[in-house]
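Atom set for the values below is all heavy atoms of this structure, side chains included, hydrogens, waters and symmetry mates excluded. We name chains A, B, ... by the order of the sequence lines, and we start the count at 1 in each one. Everything quoted here is computed from the prediction, not taken from an experiment.
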Protein chains: 2
Amino acid sequence: MARGAAQQTAHHTHNHKACIEDALTTARDLCAERGVQLTPLREKVLQIVWKSHKPVGAYDVLDELARSHKSARPPTVYRALDFLMAEGFIHKIESLNAYLGCVEAGAPHSGLFLICRKCGATEEIADPKLEAALDQASKRAGFQAERRVVEISGICAQCAA
Amino acid sequence: MARGAAQQTAHHTHNHKACIEDALTTARDLCAERGVQLTPLREKVLQIVWKSHKPVGAYDVLDELARSHKSARPPTVYRALDFLMAEGFIHKIESLNAYLGCVEAGAPHSGLFLICRKCGATEEIADPKLEAALDQASKRAGFQAERRVVEISGICAQCAA
DNA sequence: TGGCCAATGCTACACTATAACAAAGTTCCC
DNA sequence: GGGAACTTTGTTATAGTGTAGCATTGGCCA
Ligand SMILES: [Zn+2]
Ligand SMILES: [Zn+2]
Ligand SMILES: [Zn+2]
Ligand SMILES: [Zn+2]
């Protein structure tokens, strides 16, 4: 199933078209539910971000978008990215200033990202134990956590081999 | 002792001059040990970053530095920041594009940061349990972790009260 | 004295992101 | 259908963050 495919990394041979289709379908469904507009522009941007499992910079999105949308400018892209982030369809990778499709759109969450510095492939993983540890650490400091950024850089399993 | 003072947040009344002096002394000692140069310029930048317990942007550093160092330019600041990061005297807060003095300089580590979105005070905490959970999560994915970015934004204890 | 290396000076530029206002499209009510 | 209210997009300009590349300085050592 597509959902499963979406959770594989870029290294695994997989039908990436299914990843994209799955992401678009999920986004369409959620937008319909929520009564917000997944306009053609926003959908196109989502599709561009999902072109790979590597984080993509806003200006790379712009370059790609401009091929089919001549009037595209930086605000065009940033607005679409802001919308997609607000709806939880993409994440921003802060340590790269780049954006990545979310593999678990819908369920609000702050992901944990494993970023390969060699191939760029970035995997989003969920780890309840880790999230509990994060919550506990905040709590111990009397801190009301609202947003988490957890990004681990290194070498992915495939590049290490 | 100064080391203790350095670990308090900006809200706690504390002798912040001791924080700064402690950071500078530690840096001087470590640079001597390591045979690297803590030049007046680098020391001044370190002092500016330590002016508070809030992350400070590179261009804010530049503005401050320029008051005593007219020839300062962006590369001047970024080179100094790069040096200070390489030596482990400051951290970059990725989600803010800003820099913060390290409270545990010397011991190489990637800190966990609690960033108050109201007052800006940012606390660096160490949490072995959390670090173990991070290591375990990476390991489970077959990932060789090299660098960690863990930043939690929210409301600090003092601002919540 | 001259070569080497680290640090800084200096100019220009690349990359990332937002402000502000105008125009066009959508919704919804009458 | 008309029209107000709202959302989305167009457009220009600019703010904010970070580097490239080469010149200069100054210390150290052969
Ligand atoms: Zn895929
Ligand atoms: Zn890799
Ligand atoms: Zn202090
Ligand atoms: Zn606060």
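Atom-to-atom, CG of B/L96 to C1' of C/dA17 comes out at 15 Å; the value is rounded to the nearest Å. Remark: P of C/dT16 and CG of A/D60 are 7 Å apart, rounded to the nearest angstrom. Between the CD1 atom of B/I93 and the C1' atom of D/dT17 there is a distance of 16 Å, given to the nearest Å.
Separation of atoms CG (A/L46) and CZ (A/F89) is listed at 7.5 Å; rounding is to 0.5 Å. Atom SG of residue B/C156 and atom CD1 of residue B/I115 lie 12.0 Å apart, to the nearest 0.5 angstrom.
Sorted by first and then second residue, the pairs that involve residues 59-71 of chain B and meet salt bridge (Lys or Arg N to Asp or Glu O under 4.0 Å), not counting sequence neighbours, are B/K51-B/E64, B/E64-B/R67. Applying the salt bridge (Lys or Arg N to Asp or Glu O under 4.0 Å) test to pairs two or more places apart or on separate chains, those with a residue in residues 77-88 of chain B are B/R34-B/E87. For residues 92-101 of chain A, the side-chain hydrogen bond (donor to acceptor under 3.5 Å, both in side chains) pairs, not counting sequence neighbours, are A/E94-A/R147, A/S95-A/E151. Listed by first and then second residue, the salt bridge (Lys or Arg N to Asp or Glu O under 4.0 Å) pairs that reach into residues 38-48 of chain A are A/R28-A/E43, sequence neighbours excluded.
When the side-chain hydrogen bond (donor to acceptor under 3.5 Å, both in side chains) test is applied to B/Q37, no partner is found at least two apart in sequence or on another chain. When the ring pair (Phe, Tyr, Trp, His ring centres under 6.0 Å) test is applied to A/Y78, no partner is found at least two apart in sequence or on another chain. Checked against salt bridge (Lys or Arg N to Asp or Glu O under 4.0 Å), A/E21 has no partners two or more places apart in sequence or in another chain.
Contacts with DNA chain D (heavy atom under 4.0 Å) in residues 62-74 of chain A: A/H69, A/S71, A/R73, listed by number. Scanning residues 82-92 of chain A for heavy-atom distances under 4.0 Å to DNA chain D yields an empty list. Heavy-atom distances under 4.0 Å link DNA chain C to B/Q37, B/T39, B/L41, B/R42 of residues 27-43 of chain B, given in residue order.
Looking at A/V45 and A/L81, their side chains come closer than 4.5 Å, going by heavy atoms from C-beta outward. Taking 4.5 Å as the limit, some side-chain heavy atom of A/H69 sits within range of a side-chain heavy atom of A/S71.
Residue A/Y78 places no side-chain N or O under 4.0 Å from the OP1 or OP2 atom of D/dA15. Applying the 4.0 Å criterion to OP1 and OP2 of C/dA17, one finds that A/N97 has a side-chain N or O inside that range.
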### Task
Assign a letter to each nucleotide of nucleotides 21-30 of chain D from its 5' end: B, base within under 4.0 Å of a protein heavy atom; S, sugar-phosphate only; -, no contact.
B---------
Give the table of side-chain donor-acceptor pairs shorter than 3.5 Å for residues 132-140 of chain B, with sequence neighbours excluded, one pair per line with atom names and distance.
from: B/D135; atom 1: OD1; to: B/R148; atom 2: NH1; distance (Å): 2.9
from: B/S138; atom 1: OG; to: B/L134; atom 2: O; distance (Å): 3.0
from: B/R140; atom 1: NH1; to: A/D127; atom 2: OD2; distance (Å): 3.2

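The side-chain ring of B/Y59 is stacked on the base of D/dT17, judged by centre separation under 5.5 angstrom and plane angle under 30 degrees.
Of the possible donor and acceptor atoms, one in the side chain of A/T122 sits under 3.5 Å from a partner among the backbone N and O of A/G120.
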